[in-house]
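Here the structure is laid out as C-alpha cells; the discussion comes afterwards.
Side-chain atoms are counted along with the backbone in the values below, which use heavy atoms only and exclude waters and symmetry mates. Numbered from 1 within each chain, the chains take letters A, B, ... in sequence-line order.
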Amino acid sequence: MIKTSRKLLATSPTNIIPLIKNLSPWAQKPNTQTSLHTFPKGPSILATNLIVSYCTKGLLKEAHQLFDEIPERDVVAWTAMISGYTSSGHCSQSWDMFGMMMGSDDVSPNSFTVSSVLKACKEMECYYCGVMVHGLAIKYGVDGSIYVDNALMDMYVTCGDTMDDACVVFKGIRVKNVVSWTTMIAGYTHRGDGFRGLHVFRDMLQEEVELNSFSWSISIRACASIGSKFYGEQIHSAVVKHGFETNVPIGNSLVDMYCRCNSLSEAFNFFCEMVEKNLITWNTMIAGFGRSGPHSSLKFFCQMGSENIIPNCFTFTSVAAACADLAALSCGKQVHGAIVHRGLERNVPLANALIDMYAKCGNIGDSRTIFNEMVVRNLITWTSMMNGYGSHGYGREAIGLFNEMLDSGIKPDQIVLMGLLSACSHSGLVEEGLKYFNSLCIDTHVALNQEIYGCVVDLLGRAGKVSEAYELIEKMPFEPDEFVWSALLGACKAHKVLYLGRLAADKILDLKPNRADTFLVLSNIYAAEGKWGDFAKVRKLMRGVWSKKEAGRSWIEVKNQVYSFVVGDNMYAADMHLVYEELELLVLHMKDAVYVPDTDSLLHDFEDGT
DNA sequence: TTAGGGTTAG
C-alpha cells in the first residue's frame, strides 16, 4: 500500500512524523541576520505579498528570510511559502515548511495550504505523504473543497499504483468541475489507458461540462496514445467547431496525434497552417517525424534554426536519436558540442540519448565516458548503456553493469531485462542468460511477457539450441506472437532447421499475412527441401506483397556527408568515388573478419520481370 | 495576501 518515491529517499515513512512535529533543522535556526523590515502588529499582508513576489522571481532565500522575520505568521503567509517552494520545484522544502506549520500551535491549514502541499506530494511522487495529507484534510474539514479534492485526485493519479484512489475521490465529489474531469482523463491517459481516458471524456460531454483548452488537449493526447486517427479527427473537428483551433497547446497535441497515428502529411499540413507555433510545436515535429525517419527530423531541426528558434533539451534528445539512427558520428559529435555549449549536458534524458547515439555510431567508449560523468542516472541510463554493450558484443560488461544497477538500488523493468538477455544472446552467453531468465525474472518481480520470451528463444536459437527454443515456446503461458516465432525462424534459418523453420514461417504468416521477408525464407526452405510445387506457390503469393515492400535503404557517412541509397540506385555526386572507396574498405574488413555473406536472403531466381 | 488540470525526449 505504501509507495515512497525515489526522489524522497531522505523522507522515509519513519522520519516523516518528526518532520510534522516541526523538526526541520535548517528552518528552525534562529535568524541571526540583521532584519531589514519592520512589521505592524498582526498578520502582514504587505510582507505576504512580498513573499509571493520573491517566490515568483525565484528569490526563495529572500522570501524565506522575510518569512522568518514576520513576527505573527498567519496561514496565508505559511501557504505562500509552501506554494512558492512547490512552484519553484523545491518540493522537499515545501514539505518541510508544511511540517513546521503543523508543529506551530497557533495556525491551522486551510484549503489553500492543503492543495499546495498535495502538489508537492505529487511532484515528489510520495504516496505516503499524500495519504497523510488526505487524513489531515479530513481532520481540518477542508476535504469538501473542490480545489482540495482535485489536488487529491491529481496526487493519487501520480503516486498511486492504480487509479482506484483517484476514482474514489472523483466519485465522492458532488459538483465536479472541468478540472476534476480533466484530471481523470489525464490520469488514465498518462498511465497508458487512453481508451478509459476517452470514456471519461465521453462522460464529460454527456454531463455537458463546458470544455476548455486543457480538456481538448488531453483528449487529443488520449487519441494519440492509442493511435486512433478516427477519434483524433473527430475531436479535431470539434476543436474547430468550438473555436479552439488557434490554441497552441491544442495545436501541438494535434500535430503529435497525427504523427503518432502515422499521418505525417496531415501533421505537416496542420503544422504549416498553424498561425502561432512555439518551441514545443517544433519539438513535436522533430520527434514525430523522427519516429518514421531520421532525415526529415534533421531537416526540421535545420529549418527551426533558420527561423531563430532556440532548441532545448527535448529538441536535442530527438536530434541525437536521429543521429543515432543514421549512425552519423560526426553529426552526433556536433550535436554533443552544441549541447555542452548550451550547458544542457546534465539533463538525464539528453545524456541517455547521447549514450545511445555514441553506441549506435560505434563509439562505445564515449558512451561509457558520458555514463561515468553522469551525477544522476535513471533506469533508462543503465538500459541505454547495457544495450550499447550488448550490440557491441560485450555481454559480460552488460551483465556486470546490470549487477551494478541492482546494487545501486534501481529496480529493473521488462525493457532492461530484454537488454540483458539480448546482450547474452549476442555474446553466446547462453547459460548466464538462462540463469537471469530463470531467477531474476522471479526475484525482481518483473512480469514475463512475449518480448522477454522472444529474447530467450533468440538466446537459445542463436546458440543452435533450436529444439530447446521450440520447447520453450510450447511451454509459454500465453499464445506466442509474431516476434517469438520470428526469433525461432531466424534461428532455423541460421542453423538450417527446415521443419521447424517451416512451422515458424507458417505461424508468422497466419498472424501477419503480408510479411514479404517471411515468404522469402519459406520459399527458400521449400527449395532446400526440393518441394518445388510449394516453392512456386509461395513465390506466387510473394509477388503480391513484395511490390508493396519498402526498399531496404542503406546509408554511409563519408567526410561529414551522409549518402543514402537502395539497391540499383544511380547515385550522382561530385565525390561519389569516396563512397565507393569507403565501401571497398568495408568489404576488406569483412573479409579479414572471415565474414560469410548470407546469400539465402537474396532473390536469385525471382528476377523474372515481375 | 495563499490553491487546480494540458502539448515535446527510450
Side-chain angles (χ1 to χ4, degrees), chain A residues 43-53 55 74-84 86-87 109-120 122 142 145-155 157-158 177-187 189-190 211-222 224 244 247-257 259-260 277-288 290-291 311-322 324 347-353 355-356 378-384 387 413 415-416 419:
Chain A
S44 173
I45 295 171
L46 189 63
T48 305
N49 278 336
L50 203 48
I51 285 171
V52 173
S53 180
C55 289
D74 64 350
V75 62
V76 182
W78 278 102
T79 305
M81 270 317 300
I82 290 166
S83 171
T86 307
S87 314
N110 63 15
S111 61
F112 288 76
T113 327
V114 170
S115 51
S116 298
V117 79
L118 279 170
K119 193 174 179 186
K122 174 201 164 182
V142 295
S145 153
I146 188 71
Y147 277 93
V148 170
D149 286 344
N150 289 343
L152 278 168
M153 277 169 50
D154 198 28
M155 180 277 295
V157 155
T158 305
N177 67 8
V178 64
V179 181
S180 323
W181 289 96
T182 310
T183 306
M184 284 300 283
I185 300 168
T189 304
H190 292 153
L211 299 173
N212 62 16
S213 61
F214 289 78
S215 345
W216 287 115
S217 56
I218 190 59
S219 61
I220 295 163
R221 184 68 183 87
F244 281 96
N247 178 281
V248 178
I250 293 176
N252 294 344
S253 295
L254 285 167
V255 170
D256 182 54
M257 182 272 293
C259 286
R260 286 182 195 271
K277 301 180 181 80
N278 63 13
L279 177 57
I280 296 176
T281 321
W282 285 94
N283 288 347
T284 307
M285 288 293 283
I286 291 167
R291 280 179 222 114
N312 67 0
C313 296
F314 283 82
T315 326
F316 282 119
T317 304
S318 301
V319 172
N347 179 270
V348 176
L350 186 45
N352 296 346
I355 289 173
D356 190 53
N378 62 16
L379 179 60
I380 299 167
T381 316
W382 293 89
T383 310
S384 303
N387 285 343
D413 67 354
I415 298 173
V416 79

Review point. Across the strands shown, which category fits A:Ser213 at heavy-atom distances under 4.0 angstrom: base, sugar-phosphate, nothing?
Key: base

Exercise for review: Name the nucleic acid region contacted by A:Val178, choosing base, sugar-phosphate or nothing; use a 4.0 angstrom heavy-atom cut-off, strictly under.
Suggested key: base

So, does the side chain of [X] form a donor-acceptor pair with the base of [N] at under 3.5 Å?
{"X": "A:Thr79", "N": "B:dT2", "answer": "yes"}
{"X": "A:Asn49", "N": "B:dT1", "answer": "no"}
{"X": "A:Thr48", "N": "B:dT1", "answer": "yes"}
{"X": "A:Asn247", "N": "B:dG6", "answer": "yes"}
{"X": "A:Thr183", "N": "B:dG5", "answer": "no"}
{"X": "A:Ser384", "N": "B:dG10", "answer": "no"}
{"X": "A:Ser116", "N": "B:dA3", "answer": "no"}

Check your understanding: Would you say B:dA9 has OP1 or OP2 under 4.0 Å from some side-chain N or O of A:Arg291?
Key -> yes

Study note, to complete from the structure: Across all chains, not counting sequence neighbours, the salt bridge (charged side-chain N to carboxylate O under 4.0 Å, His left out) partners of A:Asp149 are none

Point to revise | side chain to side chain donor-acceptor pair (under 3.5 Å) involving A:Asp256 - partner list, sequence neighbours excluded | key: A:Arg260

Considering only side-chain heavy atoms of [X], which listed nucleotide, [options], is closest?
{"X": "A:Ala287", "options": "B:dG10, B:dG5, B:dT8", "value": "B:dT8"}
{"X": "A:Asn252", "options": "B:dG6, B:dT7, B:dA9", "value": "B:dT7"}
{"X": "A:Asn212", "options": "B:dT8, B:dG10, B:dG5", "value": "B:dG5"}

